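Structure first, then comments.
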Amino acid sequence: MIAIIDYNAGNVRSVKFALDRLGVESEITADFEKIKNAEKIIFPGVGEAASTMKFLNQTGIGNLILNLKQPVLGICLGMQLLCKSSEEGNVQCLNILPNEVKLFRGQEKIPHMGWNQIFNLKTNLFKNIEEGAFVYFVHSFYAENSQFSIANCNYITSFAAALQKDNFYAVQFHPEKSGKIGEQILRNFVFDV
Amino acid sequence: MLTKRIIPCLDIKDGRTVKGINFINLRDAGDAVELGKAYAEQGADELVFLDITATVEKRKTLSDLVKRIAQNLNIPFTVGGGINSIGDVAVLLDSGADKISINTAAVKRPELITELAKGFGSQFVVLAVDTRFDGKDWLVYLNGGRTATEIKTLDWVKEAQERGAGEILLTSMNHDGTKNGFALDLTAKVSEMLKIPIIASGGAGNSEHFAEIFIQGKADAALAASIFHFGEVLIPDLKFFLKNKNIAIR
């Protein structure tokens, strides 16, 4: 069973629907025992970093995530919260990944919204995904590239489209909204990492 | 490279699409979900579902439909049409909508934009503007274009951005339905003035019009309805055409 962490963030249901389409059993839950005992965990999220971190700290969900040993996939804000810190509200995050999350600065439109390509794909999360595949992004803050990058994307600067350290995987884009490519990435997380 | 988005718009009444459809191989061409899936498979980058139902049962019908769309569609979609309150929006978010578009209600009470952006995030809030050129200024129209106001469109979109709108869906009533092309100058002006993405709407008649709105019009996305529904422009052909013009397309 895949546990989708329910923590007062938007877009949780879309992830569940995407797993339903793949025929994968999942549950949206805030129950600590269920999360601890799940085979794999998805940490989704759309929202604001500082207020969400406050919520994670107060509820103990942050600490729960830190101690998970099974594969975890952070999506969008979920990815940023796994990083060291975020400029969004200048907040310390979970620090599982040492990357810093920064605000896009440039002449281009912000948020970075729409379909963009991912490159330098690593790990089984991107099994059967071609270099330059298109996925759907919506974000104004980005994680800097680091040795933990397993995919990057270019918008204003080159940034981390996906990160991995130990059992923690994270994607900035929305696989649940990225057509067939996104479905393959979710399938890879469920069956191949 | 971030690509320009092609967005078909589906008008919905009582949970079903209202405009004529030329798709073959659809089990039920009037079913919004079937049609949405067909567009997604053809390469549509997003979809907009515009609800034009006018009954008291509306909210329930719409939330059921949104849930079915979210269950079946693997690309982002926006829901619009008669959204008046935070309550309306919360129901749609809970049903699985990725974005909602607001129009008349936001003009009547601009704080609605602020509240929605704070409550659900800017990425969730699309401000739709129907506008007409009066010979001097572009002015905002309400209630599906039936009610004139004296509000200048350029002022309104700027305020909407400041209040936290995540995108602008800009429809030129002078161009809508003409099939003579989009409002290039207006769209370029709004796009250059704002930091948030602009979806241009109204006037699409052929593939060349899409090239114009992306290059001269500086739009981030282009929306059309009838030319897609009647098969006058097929999305795969359109995307091939735009790629050959060196426009960034998925």
Side-chain angles (χ1 to χ4, degrees), chain A residues 8-22 28 45-49 51-52 76-77 88 104-119 132-141 153-156 173-186, chain B residues 1-7 37 40-47 66-77 89-90 92-100 117-124 126 161 164-168 191-192 194-199 218-221 239 248-250:
Chain A
N8 198 24
N11 209 27
V12 173
R13 202 168 294 267
S14 299
V15 176
K16 164 92 176 124
F17 288 153
L19 291 173
D20 290 347
R21 287 195 292 274
L22 296 177
I28 300 171
V46 169
E48 195 270 333
S51 57
T52 310
C76 196
L77 180 66
E88 189 178 22
F104 279 120
R105 290 179 180 88
Q107 293 305 306
E108 290 83 350
K109 294 292 175 76
I110 297 171
H112 174 219
M113 181 186 283
W115 298 81
N116 205 336
Q117 291 172 287
I118 50 175
F119 298 98
F134 281 100
V135 290
Y136 189 82
F137 290 88
V138 185
H139 61 124
S140 299
F141 294 81
C153 177
N154 289 302
Y155 188 70
I156 299 177
F173 54 87
H174 287 277
E176 74 279 14
K177 289 288 160 185
S178 295
K180 290 194 165 70
I181 304 276
E183 286 176 356
Q184 181 64 44
I185 293 167
L186 285 175
Chain B
M1 190 183 266
L2 180 66
T3 57
K4 302 289 189 182
R5 287 171 281 154
I6 304 292
I7 308 179
K37 276 174 78 172
E41 273 158 32
Q42 284 198 350
D45 295 306
E46 279 186 46
L47 292 169
V66 168
K67 191 172 176 200
R68 273 206 310 130
I69 295 166
Q71 283 171 328
N72 287 286
L73 207 64
N74 60 13
I75 60 169
F77 68 98
V89 171
L92 297 175
L93 175 72
D94 196 49
S95 304
D98 296 300
K99 307 176 189 179
I100 52 92
K118 283 217 173 105
F120 306 106
S122 285
Q123 85 294 331
F124 191 64
V126 180
Q161 171 176 282
E167 260 179 310
I168 304 287
S191 188
E192 281 171 350
L194 299 188
K195 198 75 189 162
I196 56 178
I198 311 300
I199 306 165
K218 299 181 166 40
D220 301 285
K239 289 191 138 185
I249 290 291
R250 178 171 68 110

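Per chain, numbering begins at 1; letters A, B, ... match sequence-line order. What you see is a predicted model, and the numbers here were worked out from it, not measured in a lab.
- For B/K99, the part lying near chain A is the side chain, with the backbone staying farther off; criterion is any non-hydrogen pair under 4.5 Å.
- Using a 4.5 Å cut-off between heavy atoms, B/I69 does not touch chain A at all.
- Within the 3.5 Å criterion, the main-chain N or O of A/P111 finds no donor-acceptor partner in the side chain of B/K195.
- Once rounded to the nearest 0.5 Å, the distance linking CD of B/E46 with NZ of A/K177 reads 10.0 Å.
- Proximity to chain A is absent for every atom of B/K4, based on heavy atoms less than 4.5 angstrom apart.
- Pairing each heavy atom of B/A70 with each of A/R21, the nearest pair is O-NH1, 3.1 Å.
- The shortest non-hydrogen separation linking A/S14 to B/D98 is OG-OD1, 3.9 Å.
- Across A/E183 and B/N74, no two heavy atoms sit closer than the pair OE2-ND2, 3.0 Å.
- Taking each heavy atom of A/W115 and B/D45 in turn, the nearest pair found is NE1-O, 2.9 Å.
- Annotation: the span from B/Q71 atom CD to A/K16 atom NZ amounts to 10.0 Å, rounded to 0.5 Å.
- Ranked by heavy-atom pairs under 4.5 Å with chain A, the first of B/P76, B/A221, B/G121 is B/P76.
- Using non-hydrogen atoms only and a strict 4.5 Å limit, the part of residues 132-140 of chain A facing chain B consists of A/F134, A/Y136, A/V138.
- Here the straight-line distance linking atom CZ of B/R250 with atom OG of A/S178 works out to 8.5 Å at 0.5 Å rounding.
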**Message:** Could you walk me through whether B/I196 and A/M113 satisfy the side-chain contact (heavy atoms from CB on, under 4.5 Å) test, starting with their C-alpha distance in whole Å, then the side-chain angles of each, then the deciding distance to 0.1 Å, before giving a yes or no?
**Reply:** CA-CA 9 Å; B/I196 56 178; A/M113 181 186 283; over 6 Å; no
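- Considering CE of B/M1 and SG of A/C153, their distance stands at 11.5 Å, rounded to 0.5 Å.
- Of all the listed residues (B/D94, B/L194, B/D220, B/I198), the one sharing the greatest number of non-hydrogen pairs under 4.5 Å with chain A is B/D94.
- Heavy-atom distances place the backbone of A/E108, and not its side chain, under 4.5 Å from chain B.
- Only the backbone of B/S95 comes within contact range of chain A, with heavy atoms under 4.5 Å apart.
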